[in-house]
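Any value given below was found using the heavy atoms of this structure, including those in side chains, with hydrogens, waters and symmetry copies removed. Note that ligands are numbered from 1 as they come in the structure, with each ligand's atoms numbered from 1 the same way.
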Amino acid sequence: MPDDFTRAESAAQFLLSQTKLRPKIGLVLGSGLGAFADQLTNAARIPYSQIPAFPRSTAIGHAGQMVIGKAGDIPLAAMQGRVHLYEGYTAKEVAFPIRVFGRMGVRAVILTNAAGGINLEYEQGALVVVSDHINLQGHNPLLGPNDDRLGQRFPDMTKAYWRSYREATVEEAGKLGMTVYQGVYAAMLGPSYETPAEIRYLRTIGADLVGMSTISEAVAAVHMGLKVLAISCVTNMAAGILDKPIDHREVLETGERVRGQFEALLKAVLPRIAADFEV
Ligand code: HPA
């Protein structure tokens with residue numbers, strides 16, 4: 001079996017052969033947030049099943065295609081849906097699309113997700129810029145021999161979530177009259193939601209949000225020298241905070257409800273990130 005670098009390279013070349021656009025920004029759209037990519041213009045829409053070596057999503061609410069198109073005049077590569085560890089994929093497989101982005105020439109990734117709110121200041125529907133993460137998944141996409149063509153053995157994670165992108169997001173949200181928080185995202189393996197005791201533990205160790213995605217992707221992105229912005233949509237308050245069970249339908253519905261705000265924020269932030277790569 002060819003190595004990850006070679007597989008990512010061939011998937012990247014395949015994707016680039018489907019479009020004349022050369023995006024510098026890659027976007028991963030999480031549960032209930034995929035519709036943004038429907039609006040891209042000049043778009044090539046490529047089902048994951050057609051992309052060599054690409055993992056396929058089995059989660060409800062994830063469409064499973066790559067859309068390469070333009071948001072205004074900014075070329076973007078957007079994933080409608082991702083795969084998760086809880087589907088049985090390895091962290092390397094989960095991170096593979098980020099490797100492909102990197103080999104396509106993408107320089108910054110925007111990772112989005114649905115998350116449970118642990119911080120009691122948050123409310124359902126809040127948007128939170130991830131400032132840092134706590135990896136409780138027991139997995140890491142860099143496990144095994146390091147491929148120096150992708151990145152170095154021990155990547156520094158102190159600046160994983162790029163400060164100027166976070167600040168730009170908070171600033172743009174302000175201009176739109178929206179409140180956006182910044183918080184620490186803890187990732188669990190899933191697929192069961194957390195217990196109330198686990199949520200109390202996560203709050204104690206400094207987590208503001210909890211989810212089941214994003215971290216493997218962020219680690220692989222940092223490994224390749226890609227800058228990362230991650231935005232969570234608080235689709236529900238985490239287990240035990242409200243006196244009611246957590247329901248995946250509610251997660252999707254909240255994503256749908258804040259879609260307008262989320263899309264407005266993305267549109268405002270994209271030019272700020274694109275400006276980073278203009279020569
Ligand atoms: N926990 C974990 N993942 C999630 C949640 C949650 O409460 N909501 C959306 N994704």
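- At the top of the distance list for atom 1 (N) of ligand 1, counting protein heavy atoms only, stands Glu194 OE1, 2.8 Å.
- Atoms of ligand 1 lying under 4.0 Å from any heavy atom of Met212, numbered from 1 in the order shown and given with element: 2 (C), 3 (N).
- In this structure, His84 NE2 and Arg82 CZ are separated by 5.5 Å, a value rounded to the nearest 0.5 Å.
- Defined by atom type and a distance below 3.5 Å, a donor-acceptor pair is missing between the side-chain atoms of Asn236 and Tyr193.
- In Ala239, neither the side chain nor the backbone holds a heavy atom less than 4.0 Å from any atom of ligand 1.
- Remark: the Gln18 side chain and the Gln50 side chain contain no N/O donor-acceptor pair separated by less than 3.5 Å.
- Within ligand 1, the atoms closer than 4.0 Å to a non-hydrogen atom of Thr235 are 8 (N), 9 (C), numbered from 1 in the order shown.
- When hydrophobic clusters are built by joining Ile, Leu, Val, Met, Phe, Trp and Tyr residues whose side-chain heavy atoms come closer than 4.5 Å, directly or via intermediates, Val170 is not grouped with Val184.
- Of the protein's heavy atoms, Asn236 ND2, 2.9 Å lies nearest to atom 7 (O) of ligand 1.
- Protein heavy atom at the shortest distance from atom 3 (N) of ligand 1 is Gly211 CA, 3.4 Å.
- Between Tyr122 and Tyr181, the two ring planes are tilted [angle within 30° to 60°].
- Taking the six-membered ring where tryptophan is involved, the planes of Phe54 and Tyr48 are tilted, since the angle between them lies from 30° to 60°.
- Closest to atom 10 (N) of ligand 1, if we only count protein heavy atoms, is Ala114 O, 3.3 Å.
- Protein heavy atom in closest approach to atom 5 (C) of ligand 1: Gly116 N, 3.4 Å.
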